[in-house]
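Okay, structure first, notes after.
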Amino acid sequence: MDDNRLIDIRGLTFAYQNGCEVFRGLDFSLYGRERIGLTGPNGAGKTTLFHLIMGLLKPSSGSIEVFGKARKTEDDFIEVRRRVGLLFQESDDQLFCPTVEEDIAFGPLNLGKSHDEAREIVRETCGKLGLGGYEKRITHRLSGGEKRLVALATVMAMQPECYLLDEPTSGLDEATSRRFLDYLLAYAPTYVIISHDRELLSRAVDRVYLLTDGTLRVLH
Ligand SMILES: Nc1ncnc2c1ncn2[C@@H]1O[C@H](COP(=O)(O)OP(=O)(O)OP(=O)(O)O)[C@@H](O)[C@H]1O
Ligand SMILES: [Mg+2]
């Protein structure tokens, strides 16, 4: 496999247990330093594709290679989850600690950082996303947009090698979306963004794929 190919999916077939078939023979690649947009109608399978890449769902056939290695077992995906940052479509799926600082520190602590290092990462990440002063706030009492930003912060605090961002700016106001975009452009060289926001895509990605009827094609 090309050394620069971070994600390589071949012939992916997947159906949910209720029989809802989402993919039959899907191919997809993401190269290092590539910024891709993924769009398509509701229910097309965009979120499902991200969950398959992270090993949260298992394909019925086809291959998923990430960082040059075939990923099949739960153990295979532990490394994927450490090195690929998934922003869930629903912030509540991402946030599970009582306070903002605990949620953001969780990943770095899990990676073996000390409490002092984790505290510094929390401070820095909050600063970059305009979340300074939010550290002690109770996560479940935040507004939808605030939760979105904290969810982003938890992903960014892991300093992943590539990001899978599922509708990252949904619920964010214009100024906050812009701040988020500035952050991505400055610090995240490789990502896939699922979005219906054409303006965001035109500024944030090099190429947009359209997912319809289980097939990906380049839109522009
Ligand atoms: N847990 C599930 N069980 C059964 N079917 C599911 C499940 N999750 C999703 N689906 C179905 O799989 C298809 C793809 O869903 P998915 O959430 O991946 O779409 P999406 O492109 O992300 O849509 P949206 O733009 O609305 O977020 C849809 O038809 C959906 O109803
Ligand atoms: Mg979705």
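Sequence positions, counted from 1, serve as the residue numbers for this chain. The figures here come from the full heavy-atom set of this structure, side chains too, leaving out hydrogens, waters and symmetry mates.
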Report yes if the side chains of Val192 and Arg35 come closer than 4.5 Å at any heavy-atom pair, otherwise no.
no

Residue list, salt bridge (charged side-chain N to carboxylate O under 4.0 Å, His left out) with Glu120, at least two apart or on another chain
Arg123

Residues in salt bridge (charged side-chain N to carboxylate O under 4.0 Å, His left out) contact with Asp116, at least two apart in sequence or another chain
Arg119

What pairs with [X] under side-chain hydrogen bond (donor to acceptor under 3.5 Å, both in side chains), at least two apart in sequence or on another chain?
X: Gln89; result: Thr47, Glu167
X: Ser60; result: none
X: Glu79; result: Arg71, Arg83

Other members of the hydrophobic cluster containing [X], with the 4.5 Å side-chain heavy-atom rule, please.
X: Leu109; answer: none
X: Phe96; answer: Phe106
X: Met158; answer: Leu111

Quick test of your reading: applying side chain to side chain donor-acceptor pair (under 3.5 Å), list the pairs with at least one residue in residues 99-110, sequence neighbours left out, ordered by first then second residue.
Thr99-Glu102, Glu101-Lys136, Asp103-Thr139

[X] side chain vs [Y] backbone, donor-acceptor pair below 3.5 Å:
X: Thr39; Y: Ser195; result: yes
X: Lys113; Y: Ile121; result: no
X: Asn4; Y: Tyr31; result: no

Name the atoms and distances for all side-chain donor-acceptor pairs under 3.5 Å in residues 180-188, with sequence neighbours left out.
none

Sorted by first residue and then second, give each ring pair (Phe, Tyr, Trp, His ring centres under 6.0 Å) pair with at least one member in residues 69-89; sequence neighbours left out.
His51-Phe88

Name all residues meeting the ring pair (Phe, Tyr, Trp, His ring centres under 6.0 Å) criterion together with Tyr191; count only those two or more places apart in sequence or in a different chain, and write none if there are none.
none

Ile138 reachable from Ile104 in the ILVMFWY side-chain graph, under 4.5 Å edges
no

Would you please test Lys46 and Asp166 for salt bridge (charged side-chain N to carboxylate O under 4.0 Å, His left out) and show each step?
CA-CA 8 Å; Lys46 305 177 298 294; Asp166 199 342; over 6 Å; no

Would Glu74 and Lys58 satisfy salt bridge (charged side-chain N to carboxylate O under 4.0 Å, His left out), going step by step from the backbone distance to the final call?
CA-CA 10 Å; Glu74 188 56 24; Lys58 296 286 184 282; 3.6 Å; yes

Drop me the distance from Arg10's CZ to Glu65's CD, to the nearest 0.5 angstrom.
9.0 Å

